[in-house]
Amino acid sequence: MEYNHKEIESRWQQYWRDNNTYRAEINPDKKKFYVLDMFPYPSGAGLHVGHPLGYIASDIYSRYKRLQGFNVLHPMGYDAYGLPAEQYAIQTGQHPEKTTTENIARYRNQLDKIGFSFDWNREIRTCDPEYYKWTQWAFMQMFDHYYDLKADKALPISDLVAHFAANGTEGVTAACGKELNFSAAEWNAMTEKEQREVLMNYRIAYQGETMVNWCEALGTVLANDEVSEGVSVRGGHPVEQKVMNQWCLRVSAYAPRLLDDLNKLEWSESLKETQRNWIGRSEGAEMKFGVKDSDLQLEIFTTRADTIFGVTFMVLAPESEYVAQLTTPEQKEAVEAYLKEVSHKTERERQIDKRVSGVFTGSYAINPLTGKEIPVYVSDYVLAGYGTGAIMAVPAHDSRDYAFARHFNLPVIPLIEGADVSEESFDAKEGIMINSEGPELNLNGLQVKDAIAKTKKFIEEKGLGKVKVNYRLRDAIFSRQRYWGEPFPVYYKDGVPYLMDTEALPLLLPEVDSYLPTADGQPPLGRAKGWHTPEGYPIELCTMPGFAGSSAYYLRYMDPRNNEALVSKEADEYWQDVDLYVGGAEHATGHLIYSRFWNKFLYDLGLVVKDEPFRKLVNQGMIQGRSNFVYRIKDTNTFVSHGLKDNYDVTPIRVDINLVSNDILDTDGFRAWRPDFKDAEFILEDGKYHCGYAVEKMSKSMFNVVNPDDIVERYGADTLRLYEMFLGPLEQSKPWDTNGIDGVNRFLKKLVGLFSKTDPEDNTPMSKEVRKSVHKLIKKVTQDIENFSFNTSVAAFMIALNELTALKSTNREAMETITILLAPFAPHLAEEFWHQLGHDSSVADAKWPEWDENALKEDTVKYPVSFNGKSRFVIEAPADATPKQVEDMALTNPAAAKWIEGKTVKKVIVVPGKIVNIVVG
RNA sequence: GCAGAAAUGGUGGAAUGGUAGACACGAGGGACUUAAAAUCCCUUGGCCUUUAUCGGCUGUGUGGGUUCGAGUCCCACUUUCUGUACCA
């Protein structure tokens with residue numbers, strides 16, 4: 001029988017569409033299971049074979065759960081706002097919406113061919129007003145709430161206003177940008193504008209002067225996770241630090257919860273660790289140092305309070321407010337010159353330039369424990385954004401301070417017994433303290449750990465400072481000076497921002513004549529006509545960043561067409577959270593933090609029932625490209641085969657992988673590929689031209705992109721699905737290599753052949769051997785799916801087929817069981833088989849089989865017999881034989897004599913069902 | 001620097017502490033065919049022995065350890081990949 005994959009696949013895809021087979025509805029009688037993929041950004045390049053890897057895995061799991069009787073929610077949509085569409089719009093003048101819509105149509109077309117069980121009725125797009133209405137709405141909620149540290153949750157800003165009116169800041173426990181103190185009377189005397197400015201320090205979505213990553217080339221600010229090694233992740237443009245007034249989200253207030261709740265999640269240890277590092281909790285102390293001839297208190301953060309006797313200087317970040325306050329008139333010129341120099345450097349230049357630089361402010365701080373005067377410097381190795389932007393420098397025990405001290409000839413005082421600081425600092429937090437005795441505190445002889453504790457206690461008692469936990473996690477910058485994003489539902493009155501009415505939502509993205517910034521440097525929305533409220537108040541010109549739309553999309557899928565709420569109470573209570581989330585690990589410090597934050601905020605407001613959005617997370621590996629090379633002999637048009645290239649002086653040239661099959665070049669095709677190669681000559685091996693290969697990123701410029709459409713066209717979606725899973729462990733990165741796909745395709749063809757011989761009317765029971773084979777498969781496939789070990793389950797199908805072929809079995813019951821097991825992997829073919837066997841309904845409504853352990857039991861057990869751990873031969877014992885009987889069988893076996901001869905048997909170990917090991921000597 | 005993961009044939013990769021290399025690709029040989037494709041059968045970690053079987057030795061990055069027995073557990077090291085970094 002012929003395996004016509006095109007006909008079979010299009011027919012069943014149509015059947016699923018016609019019957020709404022994968023539509024999900026709330027059904028209180030069934031247990032829910034929510035399987036989610038990270039929705040794609042629809043880029044202009046379309047899908048390559050790497051993109052569907054995770055979708056196939058999640059689809060297998062969804063179909064499997066459904067067969068097990070769960071009510072499965074498995075939606076898909078598009079993360080449609082983003083920089084590439086806008087960059088393209090700038091170049092071509094086309095509206096990003098147009099290109100985005102086109103790209104989405106292309107993605108959909110490609111996805112449909114692979115036969116996913118998505119419920120497309122629930123599709124969402126982040127750029128759809130019906131969707132971004134709720135992104136804007138969530139922003140408004142954040143604007144209207146503050147974080148209460150005592151309640152440890154977000155509370156309405158109106159509570160805070162009431163508190164201020166009654167008590168001022170007295171007794172307020174709110175996460176706040178800066179320390180504020182005022183009385184109720186002072187509050188009540190403020191103008192509305194002043195009050196709003198004060199509140200801005202408390203809002204969860206707030207506007208503030210912050211140090212931002214400014215990317216000149218993109219004309220916008222970027223979040224920390226959008227910058228890597230000083231350049232933008234998208235495009236690789238340089239990024240510099242700049243102070244700007246921006247919208248921010250107070251993610252930092254959630255840092256402790258984001259950290260602690262990681263423990264609840266079934267995520268990979270490495271991903272959780274990445275988030276822990278990103279959140280970056282460190283316990284330390286904030287301490288105040290007096291300043292000579294001044295009332296100023298210099299506040300610093302340190303995790304090494306114990307090293308206070310070794311402080312020989314202080315350092316301020318260039319952007320620190322203290323710099324202006326501490327610079328003496330004599331040093332003013334030098335400091336300003338230094339600040340100017342530093343501000344011209346981009347983030348990247350600062351990172352690359354490891355040279356020590358800095359300047360003396362002219363001021364001296366007073367060490368509170370020794371009373372000694374210590375100089376205060378400015379240097380860019382201290383970061384304004386972390387701690388207080390000022391440090392106490394302990395050169396003996398910090399390598400950065402050490403380098404600085406050596407450069408400026410500052411004293412180095414060792415504080416730990418046996419530490420040699422003549423060449424480098426001793427950074428380890430262990431050892432016995434020395435040189436640490438002052439009038440009020442003596443740390444000498446203590447272990448570092450105890451010294452830290454003792455010092456912390458001391459400074460708290462003396463009011464010199466307080467114990468503090470610091471987090472590296474920054475507030476998220478939420479403004480983008482861009483067009484293609486969600487507009488802020490915010491207008492400005494008297495220079496301060498006000499929220500629009502919720503009735504104004506969705507606030508539609510206006511048309512503009514160009515997607516570039518305005519002549520006076522305003523964002524593109526500055527070009528929009530009528531971009532003001534009916535009263536004439538101007539509307540915010542920035543738009544929201546990419547992560548805004550992707551932070552709560554999983555909630556919207558639960559109830560995508562709801563016009564009254566982000567998600568209804570009913571839908572949220574039924575679907576709750578994502579049971580399985582599949583996607584790339586590259587979102588560890590971006591989307592996966594923001595989503596958790598966003599969800600916790602909505603949880604605080606009582607709008608969602610779960611405080612974590614993604615219960616289990618699986619990261620699929622990246623599929624890399626496999627580029628092929630030909631080798632041109634220098635200054636000729638002659639190409640030499642890979643095995644012979646070392647005999648010549650050659651230049652490797654990438655060749656389009658479509659001209660190569662199993663690393664053998666289609667030489668005629670190559671000549672036709674490009675005019676330069678028209679007259680190419682080849683030096684062959686065994687009559688063939690063998691290409692070399694390398695594993696690289698899959699990209700057009702490397703000629704190594706494999707389009708899933710081509711694979712589906714040639715082999716069918718079922719083959720693609722099985723092969724992608726067969727490629728290797730899901731979580732591992734691996735190169736795409738089309739070479740092995742024939743094996744999988746062959747397997748399906750053989751299966752089709754076997755089914756064609758199966759009689760749908762056959763009612764004979766399975767033979768013992770067939771039954772064993774089938775139940776072995778049920779067990780293996782079930783366990784493998786649970787463990788996301790899809791590659792081994794595909795292998796198990798192949799083994800089962802080989803066994804059934806060897807047994808010459810076409811038993812109907814066996815084939816029916818295999819069909820159900822196959823349904824998650826190769827749904828089209830399974831559907832075809834299912835109907836062939838006489839069923840009218842979809843195989844998706846079948847029941848997942850259970851295995852019978854008894855069917856797997858053998859009458860006899862094979863025991864490998866080892867001597868001193870080395871296996872020598874195999875004996876077959878009855879399954880019910882006692883260990884003693886097995887031992888006797890092993891020892892009396894004729895083959896044993898050879899290994900025992902001339903030696904004594906010291907010990908015999910029989911592990912029932914496993915092995916016999918005989919120790920001789 | 002720090003953190004995490006990994007290292008097994010020509011290749012992708014299998015192996016609850018119990019006969020390492022399942023399954024697949026590739027390669028070699030054979031059958032069918034006028035021929036090719038497709039299909040089917042056999043061989044395939046390395047080395048040695050044998051006409052062939054039978055058989056032996058060796059083998060999971062390196063060095064130790066635990067164990068009757070280690071690819072698997074423990075310690076140290078090497079290399080690779082990923083993430084992150086003047087975070088005080």
Side-chain angles (χ1 to χ4, degrees), chain A residues 228-229 268-278 280-282 284 300-304 307 315 317 350-351 353-354 356 379-383 385-394 397-401 403-404 427 470-474 585-586 588-589 619 621-622 626 662-664 686 693 695 722-723 726-729 731-744 746-747 749-750 753 783 789 791-802 862-874 898 906-911 913-921:
Chain A
S228 177
E229 295 181 352
S268 73
E269 207 39 56
S270 70
L271 200 111
K272 285 201 252 186
E273 199 57 31
T274 303
Q275 287 213 346
R276 284 190 195 108
N277 291 338
W278 190 260
R281 182 181 197 274
S282 63
I300 59 98
F301 176 76
T302 182
T303 55
R304 292 294 301 275
T307 59
V315 189
R350 268 210 208 185
Q351 279 182 14
D353 191 358
K354 298 278 183 194
V356 176
S379 174
D380 66 354
Y381 84 88
V382 174
L383 303 178
Y386 187 76
T388 61
I391 62 155
M392 62 177 215
V394 185
H397 303 287
D398 183 289
S399 51
R400 295 154 302 175
D401 296 345
F404 194 86
D427 290 17
N470 229 315
Y471 293 90
R472 198 184 81 102
L473 185 69
R474 303 262 73 88
E586 67 274 16
T589 55
N619 296 119
M622 200 106 81
R626 190 178 184 282
N662 285 338
D663 289 337
I664 307 293
D686 334 314
Y693 75 89
V695 174
L722 269 129
Y723 185 57
F726 189 63
L727 221 44
E731 310 213 359
Q732 201 173 297
S733 284
K734 57 234 162 197
W736 176 268
D737 183 355
T738 309
N739 289 347
I741 200 166
D742 289 314
V744 170
R746 222 167 273 157
F747 157 72
K749 283 184 189 163
K750 285 184 203 166
Q783 291 178 343
S789 177
N791 55 331
T792 50
S793 40
V794 175
F797 279 112
M798 295 181 180
I799 294 167
L801 175 71
N802 290 343
K862 284 184 177 147
Y863 284 90
V865 179
S866 334
F867 289 84
N868 296 342
K870 180 93 196 147
S871 290
R872 296 301 176 183
F873 59 92
V874 178
K898 185 174 163 189
K906 289 184 173 167
K907 199 180 339 172
V908 180
I909 294 120
V910 177
V911 184
K914 295 281 187 190
I915 201 166
V916 182
N917 191 17
I918 299 165
V919 185
V920 291

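No hydrogens, no waters, no symmetry mates; every other heavy atom, side chains included, goes into these values. Every chain is numbered from 1 and lettered A, B, ... according to where its sequence line falls, protein lines coming before strand lines.
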Candidates B:rG18, B:rU19, B:rC87 - which lies nearest the side chain of A:Val911:
B:rG18
Quick check: on RNA chain B, is the nucleotide nearest A:Val794 upstream (toward 5') of the one nearest A:Val874, or the reverse? Name the residue that is more 5'.
A:Val874
Could you tell me how far apart A:Asn277 (CG) and B:rG83 (P) are, to the nearest whole angstrom?
14 Å
Would one find a side-chain N or O of A:Arg276 under 4.0 angstrom from OP1 or OP2 of B:rU84?
no
Can you list the steps and then say if A:Asn470 with A:Ser282 is a side-chain hydrogen bond (donor to acceptor under 3.5 Å, both in side chains)?
CA-CA 5 Å; A:Asn470 229 315; A:Ser282 63; 5.7 Å; no
Ignoring backbone atoms, test whether A:Arg746 places a side-chain nitrogen or oxygen under 4.0 Å from the OP1 or OP2 oxygen of B:rU39.
yes
B:rC41 to B:rG65 separation - P atoms, rounded to the nearest Å:
48 Å
Is A:Lys749 close enough to B:rA38 that one of its side-chain N or O atoms is under 4.0 Å from OP1 or OP2 there?
no
Do A:Tyr471 and A:Trp278 have their ring centres less than 6.0 Å from each other?
no
If the C1' atom of B:rG4 is compared with that of B:rG9, how far apart are they to the nearest Å?
29 Å
Map every base of RNA chain B to its dot-bracket character, where paired means a Watson-Crick or G-U wobble contact with both distances under 3.5 Å and | marks a partner outside the strand.
(((((((..(((.....[....)))((((((.......))))))((((......))))..(((((..]....))))))))))))....
Work out how far the C1' atom of B:rG12 is from that of B:rU67, and round it to whole angstrom.
33 Å
Roughly how far apart, to the nearest Å, are B:rA14 and B:rA85 at atom C1'?
38 Å
When the P atoms of B:rC73 and B:rC40 are considered, how many whole Å apart are they?
39 Å
Taking B:rA88, B:rA14, B:rU84 as options, the one with an atom nearest any side-chain atom of A:Thr303 is B:rA88
Report yes if at least one side-chain N or O of A:Arg872 is closer than 4.0 Å to OP1 or OP2 of B:rG18; otherwise report no.
no
With P as the reference atom in both, quote the distance from B:rC86 to B:rU80 in angstrom, rounded to an integer.
24 Å
Among B:rC87, B:rA88, B:rG18, which nucleotide has an atom closest to any side-chain atom of A:Ser282?
B:rA88
Of the non-hydrogen atoms in A:Asp401 and A:Met392, which two are nearest, and what is the gap between them?
OD2-O, 4.0 Å
Specify the glycosidic conformation (syn or anti) of B:rG9, with syn defined as within 90° of 0.
syn
Distances under 3.5 Å between nitrogen or oxygen atoms of protein and nucleotides 9-13 of chain B:
{"residue": "B:rG12", "atom": "O2'", "partner": "A:Leu727", "partner atom": "O", "Å": "2.5"}
{"residue": "B:rG13", "atom": "OP1", "partner": "A:Gln732", "partner atom": "NE2", "Å": "2.7"}
{"residue": "B:rG13", "atom": "O3'", "partner": "A:Asn791", "partner atom": "ND2", "Å": "3.3"}

side-chain N/O A:Arg400 vs B:rC87 OP1/OP2, d < 4.0 Å:
yes
If the cut-off is 4.0 Å, is A:Asn917 near the phosphate of B:rU19, judged by side-chain N/O to OP1 or OP2?
no
Could you tell me how far B:rA76 sits from B:rG21 if I compare only their C1' atoms? Round to whole Å.
28 Å
Flag side-chain contact, heavy atom, 4.5 Å: A:Asn791 against A:Leu727
no
Distance, C1' atom - from B:rC57 to B:rU78, rounded to whole angstrom
28 Å
